[in-house]
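Input: a single structure, listed below in structure tokens.
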Amino acid sequence: MTRSPTAQSFDLLTPAEIDELPASPDADALKKMLAWVRDFIAKPNPERDRENPDSPTAVCRFMPKSLTMGLTWFTVAKGPIAAPDDVIRVVDAYKAPLSALEPTSGSDAKYKTIIVVFPAVTQQMAPQFIDGTHARASGEYKADALMLGEFHADSQKRGSHNPAFFPLRSPVPAMAIRFMVALDHVFLTKGTGNPMEDLKDLQAYTDAFSSMEPPPSEKVQEMAKILLGQLEVMARRATEVPPDTEDGLLA
């Protein structure tokens, strides 16, 4: 019988394994990132939602269960990181492991998360290497029903509930991948101001309904489909050529 691949076969570490690492530059980066995930991302924060500062909801409501279930893995980027393309090359290599690691089906599978730490990316490099990579690659990940996260100390990404809150400011540059889940409508329906990009994001979300366990509520699905129809109309109008320009009268 073929054995399922293990995290070790992909050079992935659990939080417990990171806790036991002897001192080294890579271990230091992993421990800093793990502490930030445990103590900030997976915990409530009064700044997350100023209208509801006592909310028990974690900064990322997805992470507490992922950590508790032992489905969060960390690794340090291997090889030279000389250009943004190197960042996505490293992260892309973990798409297959994310799917291959147990559990491969059922509602628990959605909690699998891989966080890739990039200690070689300096604070000055991070906007181009981390944010730039996310901007170029996140659409492809969404089309595959995956979410790509980007983290570094100077992140300008604002919180969904409080624009003065910057939840992605991590002590070490990192990227994370996980499966798209029903709750991602919070990110994928708020709009970017670009109808074409918003259409792609929402199309990816609605296409992933059948693979989500559990799927979004009927209310969310209906809302997403209505918004998708509106975006399709906006995108179509944006690409229509006025009749006069077809004849060259406005050239």
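Quick note: residue numbers are just sequence positions, from 1. Note that the structure is a prediction, hence the values are computed from the model and not measured.
By the salt bridge (charged side-chain N to carboxylate O under 4.0 Å, His left out) test, Lys225 pairs with no residue at all, sequence neighbours left out. Remark: Asn52 engages no residue in a side chain to side chain donor-acceptor pair (under 3.5 Å) (not counting sequence neighbours).
For Lys31, the NZ atom counts as densely surrounded, since its 6.0 Å shell holds more than 12 non-hydrogen atoms of other residues, nucleotides or ligands.
Distance check: Leu67 CG to Cys60 SG gives 9.5 Å after rounding to the nearest 0.5 Å. We find the CG-CG distance between Leu71 and Leu98 to be 10.0 Å, quoted to the nearest 0.5 Å. Note that CD1 of Ile130 is 12.0 Å distant from CG of Asp154, once rounded to the nearest 0.5 Å. Rounding to the nearest 0.5 Å gives a distance of 5.0 Å between CD1 of Ile18 and CG of Leu34. Asp26 contributes atom CG, which lies 9.0 Å from atom OG1 of Thr75 (distance to the nearest 0.5 angstrom). We find the CG-CG distance between Leu227 and Leu202 to be 5.0 Å, quoted to the nearest 0.5 Å.
Under the 4.5 Å side-chain criterion, counting only non-hydrogen atoms from C-beta, Val76 is in contact with Pro119. Taking the side chain as every heavy atom from C-beta outward, Leu101 and Leu12 approach each other to under 4.5 Å.
The aromatic rings of Phe151 and Trp36 sit perpendicular to each other, their planes meeting at more than 60°, with 30° as the lower class boundary.
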Side-chain donor-acceptor pairs of residues 216-223 under 3.5 Å, sequence neighbours excluded:
{"residue": "Ser217", "atom": "OG", "partner": "Val220", "partner atom": "N", "Å": "3.2"}
{"residue": "Gln221", "atom": "NE2", "partner": "Pro216", "partner atom": "O", "Å": "3.0"}

Pairs under 3.5 angstrom only: tabulate donor-acceptor contacts from the side chains of residues 166-176 to other protein residues two or more places apart or in another chain.
{"residue": "Arg169", "atom": "NE", "partner": "Ser155", "partner atom": "O", "Å": "2.8"}
{"residue": "Arg169", "atom": "NH2", "partner": "Ser155", "partner atom": "O", "Å": "3.4"}
{"residue": "Ser170", "atom": "OG", "partner": "His152", "partner atom": "N", "Å": "3.3"}
{"residue": "Ser170", "atom": "OG", "partner": "Val172", "partner atom": "O", "Å": "2.7"}

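Linking Ile, Leu, Val, Met, Phe, Trp and Tyr residues whenever their side-chain heavy atoms come within less than 4.5 Å leaves Met180 and Ile177 in two separate clusters. Following chains of ILVMFWY side-chain contacts shorter than 4.5 Å, one can reach Val116 starting from Phe129, so the two form part of one hydrophobic cluster. Side-chain heavy atoms closer than 4.5 Å link hydrophobic residues (I, L, V, M, F, W, Y) into clusters, and following such links, possibly through other members, connects Leu21 to Val117. Note on Met33: it clusters hydrophobically with Ile114, by side-chain heavy-atom contacts below 4.5 Å among ILVMFWY residues.
Pairs of residues two or more places apart, or lying in two chains, that qualify as ring pair (Phe, Tyr, Trp, His ring centres under 6.0 Å) and include a residue from residues 64-119 are Phe62-Tyr111. For the salt bridge (charged side-chain N to carboxylate O under 4.0 Å, His left out) condition, the pairs that include at least one residue of residues 50-63, sequence neighbours left out, are Glu47-Arg50.
Closest of all the heavy-atom pairs between Thr104 and Lys112 is CA-NZ, 4.2 Å. Counting all heavy atoms, side chain and backbone alike, Ile41 lies closest to Met63 at CG2-CG, 3.4 Å. When all heavy atoms are compared, the tightest approach of Ala77 to Ile81 is CB-CD1, 4.3 Å. Scanning all heavy atoms of the two residues, the minimum distance from Ala208 to Ala145 falls at CB-CB, 3.9 Å. Between Pro64 and Ala58, the closest heavy-atom pair is CG-CB, 3.7 Å. Contact between Lys157 and Glu150 at its shortest, heavy atoms only, is NZ-OE2, 2.7 Å.
Taking 4.0 Å as the cut-off between side-chain N and carboxylate O, Lys110 and Asp184 do not count as a salt-bridged pair.
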For this session: For salt bridge (Lys or Arg N to Asp or Glu O under 4.0 Å), just list the numbers for Asp11 and Lys78, CA-CA rounded to whole Å, side-chain angles, deciding distance to a tenth of an Å, and then say yes or no.
Result: CA-CA 10 Å; Asp11 201 22; Lys78 304 299 187 293; 3.0 Å; yes

